[in-house]
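Sequence positions, counted from 1, serve as the residue numbers for this chain.
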Amino acid sequence: MKAVGYTHPGPLDEDGALRDVELPIPEAEEHDLLVQVHAVSVNPVDCAIRATEQPRAGQPRVLGYDAVGTIVGLGASVEDEPLLEHFAVGDRVFYAGAIDRPGSNAEYQIVDAHLAAHAPASLSDTHAAALPLTALTAWELLFDRLEVTRPVPGAASAVVIIGGGGGVGSMAIQLLRALTNVTVIATASRPVTKAWCANLGAHHVLDHRRPLTPQVAELGLGAPGFVLSTAGSEERQGDILELLAPQGRFGYTDHPELDVQPFQSKCISLHPEDVFMRSRLQTLDLAEQGEILRQVGELVDAGKLRSTLTSTLGEIDAATVAEAHRFIESGTAVGKITLEGFSSLP
């Protein structure tokens, strides 16, 4: 099968950074679906892994943590296990997959059935491929970690989303508007990202190039109970600590080196989010990710959520995947980038 992989970590202009390869079609294990991939999305995690992580000796690593495709094979136990959804050959599914298994930049991929759901019928492959990773991350952080539906005593019922124009921020805005009555305060820095956040439903859009605490105070809502940060958490630690209400909750998706002691005086709780934790550690609630995607699909088909796709660059090959990586690494991407179909190898 055709695939795109890399053989050693480094910048995109190094030889072997991303290349077209031929690999065997994988075999579905006990709880797996074998999926013929139709469209994928590219995420910052792809760029981070390609730049820093060494593949196994002699084996190109295939990235890709968003996919839409058709089931062409089932593991031996899929039909016997009481999964949240029934899967059959020919079904169209979407998923983010697992970080410790080969990714979706390949014609065929195996994915644990617990992590997948039927793709939204109302979306094209490219529009559906933009959803899984960011929808899962936003959902888990909002509802599993921050518990935004559980009020913080005395705090404004409001969530500050730092980085509202990115993939996770874009989904967090929509999920809050679709499923809660919480006030959504997004941050952005450029006119295009500010307009994007407002169009997705943010009640207020602030400028994260300036201190956030006085901007939040000017809204007259009181101190918010929640902050969801997708970038710059370490640099903004002081600002976040100041603007949050006592007993507030601070969740983040980046990997900051935080000084946790200052948060203790206000009893602010910290909530890191790693969307691959459940699959990597094989937690007992692994199937929760498939259930989240099932609900996301229902919300999409009901017109309550929309795809955050902003650009489809072309077919899935090394040159186009590299183009997507460059775009993400430029820091100017808004929403999600997808690729569709496979080019012929030389």
Side-chain angles (χ1 to χ4, degrees), residues 1-24 26 35-69 94-109 111 124-134 137 165-168 170 192 230-231 254 275-276 307-346:
M1 69 174 181
K2 304 179 184 72
V4 177
Y6 76 99
T7 56
H8 63 267
L12 284 168
D13 55 4
E14 287 190 1
D15 182 42
L18 287 169
R19 58 177 61 179
D20 294 308
V21 296
E22 280 277 0
L23 298 172
V35 177
Q36 184 176 15
V37 175
H38 300 316
V40 302
S41 177
V42 181
N43 294 283
V45 65
D46 298 67
C47 303
I49 293 173
R50 187 218 73 237
T52 62
E53 294 193 13
Q54 180 68 45
R56 293 178 182 176
Q59 296 183 14
R61 179 164 181 174
V62 177
L63 301 172
Y65 307 103
D66 271 326
V68 172
F94 71 151
Y95 52 87
I99 202 166
D100 52 1
R101 302 185 79 178
S104 57
N105 294 338
E107 284 188 285
Y108 297 91
Q109 183 185 13
V111 60
S124 68
D125 289 340
T126 52
H127 282 81
L131 290 174
L133 184 75
T134 54
T137 302
V168 173
S170 297
V192 64
T230 65
D254 51 352
V275 73
F276 298 113
S307 173
T308 53
L309 171 66
T310 54
S311 179
T312 299
L313 297 183
E315 296 178 319
I316 305 168
D317 60 22
T320 313
V321 173
E323 182 183 355
H325 280 227
R326 289 190 183 92
F327 193 16
I328 289 173
E329 290 176 346
S330 74
T332 61
V334 180
K336 294 297 295 295
I337 302 165
T338 62
L339 311 174
E340 182 177 27
F342 284 83
S343 300
S344 299
L345 292 175

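- Proximity of Thr126 to Ser307: side-chain heavy atoms (C-beta onward) are nowhere separated by under 4.5 Å.
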Task: Worked verdict on Val35 versus Tyr95 for side chain to side chain contact (heavy atoms under 4.5 Å, CB included) - done: CA-CA 10 Å; Val35 177; Tyr95 52 87; 3.6 Å; yes
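- Annotation: the span from Asp125 atom CG to Thr338 atom OG1 amounts to 10.0 Å, rounded to 0.5 Å.
- Listed here is the closest heavy atom pair of Gln109 and Pro102: NE2-O, 3.2 Å.
- Side chains of Val168 and Leu133 form no contact here, defined as non-hydrogen atoms less than 4.5 Å apart.
- Here the side chain of Ser330 pairs a donor or acceptor atom with the backbone of Thr332 at under 3.5 angstrom.
- You'll find the side chain of Pro9 stays beyond 4.5 Å of the side chain of Glu53, heavy atoms only.
- Partners of Asp317 according to the salt bridge (charged side-chain N to carboxylate O under 4.0 Å, His left out) rule, which considers only residues two or more places apart in sequence or in another chain, do not exist here.
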TODO: Determine, step by step, whether Leu131 and Leu309 satisfy the side chain to side chain contact (heavy atoms under 4.5 Å, CB included) criterion, reporting the C-alpha distance in whole Å, the side-chain angles of both residues, the deciding distance to 0.1 Å, and the verdict.
DONE: CA-CA 8 Å; Leu131 290 174; Leu309 171 66; over 6 Å; no
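- Distance check, rounded to the nearest 0.5 Å: CZ of Arg61 to CZ of Arg50 gives 12.5 Å.
- Proximity of Tyr6 to Val21: side-chain heavy atoms (C-beta onward) are nowhere separated by under 4.5 Å.
- Distance CD1/Ile337 to OG1/Thr320: 12.0 Å, rounded to 0.5 Å.
- Using a 4.5 Å heavy-atom cutoff, the side chains of Gln54 and His8 are in contact.
- A distance of 5.0 Å separates CG in Leu18 from NE2 in His325, rounded to the nearest 0.5 Å.
- The side-chain heavy atoms of Leu12 and Glu329, taken from C-beta on, include a pair separated by under 4.5 Å.
- Asp20 places no side-chain N or O within donor-acceptor distance of the main-chain N or O of Val4, the cut-off being under 3.5 Å.
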TODO: Please lay out, stage by stage, how Glu315 and Lys2 fare under the test salt bridge (charged side-chain N to carboxylate O under 4.0 Å, His left out).
DONE: CA-CA 12 Å; Glu315 296 178 319; Lys2 304 179 184 72; over 6 Å; no
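- Using a 4.5 Å cut-off on side-chain heavy atoms (C-beta onward), Asp66 and Val40 make no contact.
- Residue Cys47 holds its SG atom at 4.5 Å from CD1 of Ile328, rounded to the nearest 0.5 Å.
- Of the inter-residue distances, the one linking His38 atom NE2 with Phe342 atom CZ reads 10.0 Å to the nearest 0.5 angstrom.
- A 4.5 Å side-chain heavy-atom check between Tyr108 and Val37 finds every atom pair outside the cut-off.
- Remark: the backbone N or O of Leu63 is paired with a side-chain donor or acceptor of Asn105 at under 3.5 angstrom.
- Pro132 and Ala129 get closest at one heavy-atom pair: CD-O, 3.5 Å.
- Across every non-hydrogen atom of Val62 and Ala3, the tightest pair is CG2-CB, 4.2 Å.
- Between the side chains of Lys336 and Ser41, at least one donor-acceptor pair of N or O atoms lies under 3.5 Å.
- Closest of all the heavy-atom pairs between Val45 and Phe276 is CG2-CE1, 4.3 Å.
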